[in-house]
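What follows is a set of notes on a single structure, which appears directly below.
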Amino acid sequence: MFKWTGYEVYLVGGCVRDLMLNRIPKDFDIITSAELKEVVRVFSQCEIVGKRFPICHVHFENTIVEVSSFSTSGRRFSRDFKYEFERPIGCDEKDFIRWRNCLQRDFTINGLMFDPYAKIIYDYIGGIEDIRKAKVQTVIPASTSFQEDCARILRAIRIAARLGFRFSRETAHFVKHLSPSILKLDRGRLLMEMNYMLAYGSAEASLRLLWKFGLLEVLLPIQAAYLVKHGFRRRDKRSNLLLSLFSNLDKLLAPDRPCHSSLWIAILAFHKALSDQPRDPLVVAVFSLAVYNGGDMLEAVKIARRINKSHDESFCELLEPRDLDFEALKHEVMDFAESSKGALSKMTDEYFVSQAMAGYSRAPFSDLVFIPLALYLKASKIFECVRGGGERRFASKQGSKIDYESLAYGSPQEVRHTFARIVFDTVYPLDLTE
């Protein structure tokens, strides 16, 4: 559209990388030779956001496309870019402008520029070769890159987890050794980065990488303590209940089909409660069904008693099945709901979080709580219907198909349905006897 009026337009960043890998991009970023005010004139639903580094947000239906200008990024380069690069030989003015912009990217695989009209990919920093090698490495030296912007450490984990890529040796070294610096980020940014890792289909791989590089004990000390307690090594290939829950979450999600953050927070709280006090698998089944149907205990028990397959006996959080009558079962389920809500409270208590890894002398101190009150309350509601013995005017979801738009917005029906499905599929896996 800019081409028609004499402007150049390119897709940039991660979307180019994903298109090369035949993956669905999470979003699309565009850069143009037009000034931002020209972009605003072209699109009716568009506004300029940001003061220091202004960009345009262009609205298409329910999607926001970020559009930046070469002129803005050029001023930023001149002011902020301290690392010296030699200008490529034979670089004309257009090449120079594109090359200069690519140098501002975080990782080489994000430093590609695609002209959709000419169908040309511009690569000035070795991004295509690193995609072929399945490697994540910074554009400038990793030490400098991560000290300039410590959020790049979390983005490196997210990208490697999502794509199944490895880090270059230098990048891996500084991801690990500069990991405490992420505490400089504000809590809203940390929540956003954690949501990118856990809500878009690569949660299990993200948790494994966070643990491998010493970031889990900073971000999620309670979950790190669980792994230490059970002898989980940094490069461990085994699984456990925590990782299996998130593996089953991943099977339902994708970059274009995320979940609301209340879902993965509820899964963390559910697992914390179960690891603190192991339960009969039937109790867990009734609990998940009661979450799904809004707290109708009688219906949940009837359905759960018809389960004719074995639970996964490899999880130490699940006890040997017992013969529980209705009242005993109901009591244990409601107690478990109370424990899950209590676990969620612990996850938002700075003192409790700080004590999670206190018994391990080599662990970094962290009392980080990035879950805001509104999100805590939303996640709590997932368990409250079970504790309350039923929820008025709550209609459980019909059918098994997930409405991903509702799930992303945090619809109680959709979140509870997906939560119950994940728990059930983890405790009673379909392929247990294969």
Side-chain angles (χ1 to χ4, degrees), residues 12-18 20-21 23 25-26 29 77 80-86 88 99-113 121-185 189-190 192-194 196-198 200-220 224 233-237 255 364 366:
V12 292
C15 66
V16 182
R17 173 202 71 213
D18 289 344
M20 287 187 65
L21 292 167
R23 289 175 172 266
K26 181 174 68 67
D29 292 334
F77 182 91
D80 296 341
F81 199 79
K82 305 294 191 299
Y83 198 81
E84 291 187 7
F85 273 95
E86 186 176 341
W99 167 76
R100 186 176 62 179
N101 181 266
C102 290
L103 290 182
Q104 298 174 59
R105 304 290 163 178
D106 46 11
F107 306 104
T108 58
I109 59 174
N110 289 345
L112 303 171
M113 203 170 283
I121 294 176
Y122 294 93
D123 176 20
Y124 301 96
I125 52 179
I128 293 175
E129 183 63 21
D130 283 343
I131 288 174
R132 290 195 183 109
K133 293 179 178 178
K135 182 167 65 176
V136 177
Q137 68 174 333
T138 54
V139 173
I140 62 176
S143 175
T144 304
S145 181
F146 294 152
Q147 288 182 73
E148 283 182 357
D149 182 2
C150 58
R152 288 174 177 167
I153 294 172
L154 298 178
R155 288 205 297 276
I157 294 285
R158 184 216 313 168
I159 292 168
R162 182 175 167 232
L163 301 179
F165 281 20
R166 62 181 176 83
F167 294 134
S168 69
R169 183 175 299 178
E170 182 201 27
T171 301
H173 176 82
F174 287 105
V175 164
K176 182 175 182 179
H177 289 279
L178 294 177
S179 59
S181 67
I182 63 171
L183 290 173
K184 298 175 185 175
L185 297 170
R189 179 61 183 275
L190 287 168
M192 182 185 77
E193 293 292 343
M194 287 301 297
Y196 281 147
M197 288 188 219
L198 302 183
Y200 286 80
S202 56
E204 182 194 2
S206 295
L207 290 172
R208 286 184 182 275
L209 284 176
L210 289 172
W211 173 242
K212 179 179 177 180
F213 288 97
L215 286 149
L216 195 67
E217 45 266 57
V218 177
L219 291 163
L220 296 171
R233 299 183 299 275
R234 295 291 181 182
R235 297 175 181 270
D236 217 315
K237 301 296 184 184
S366 176

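Side chains included, hydrogens not; waters and symmetry mates left out as well; all remaining heavy atoms used.
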Partners passing side-chain hydrogen bond (donor to acceptor under 3.5 Å, both in side chains) against [X] (at least two apart in sequence or in another chain):
{"X": "Asp123", "value": "none"}
{"X": "Ser206", "value": "none"}
{"X": "Arg189", "value": "Glu193"}
{"X": "Ser168", "value": "Thr171"}

Who pairs with [X] by salt bridge (charged side-chain N to carboxylate O under 4.0 Å, His left out), at least two apart in sequence or on another chain?
{"X": "Asp29", "value": "none"}
{"X": "Glu170", "value": "none"}
{"X": "Arg234", "value": "Glu217"}
{"X": "Arg162", "value": "Asp18"}

Q: For Tyr196, enumerate each residue passing the ring-ring contact (aromatic ring centres under 6.0 Å, His included) test, keeping only those at least two apart in sequence or located in another chain.
A: Tyr200

Q | Any residue meeting side-chain contact (heavy atoms from CB on, under 4.5 Å) with Ser143, in chain and number order, not counting sequence neighbours | A | Gln147, Phe174

**Q.** For Lys237, all residues meeting side-chain contact (heavy atoms from CB on, under 4.5 Å), sequence neighbours excluded
**A.** none

(Q) Test: ring-ring contact (aromatic ring centres under 6.0 Å, His included). Region: residues 152-172. Which pairs qualify, not counting sequence neighbours? (A)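 Sorted pair list: Phe167-Phe213.
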
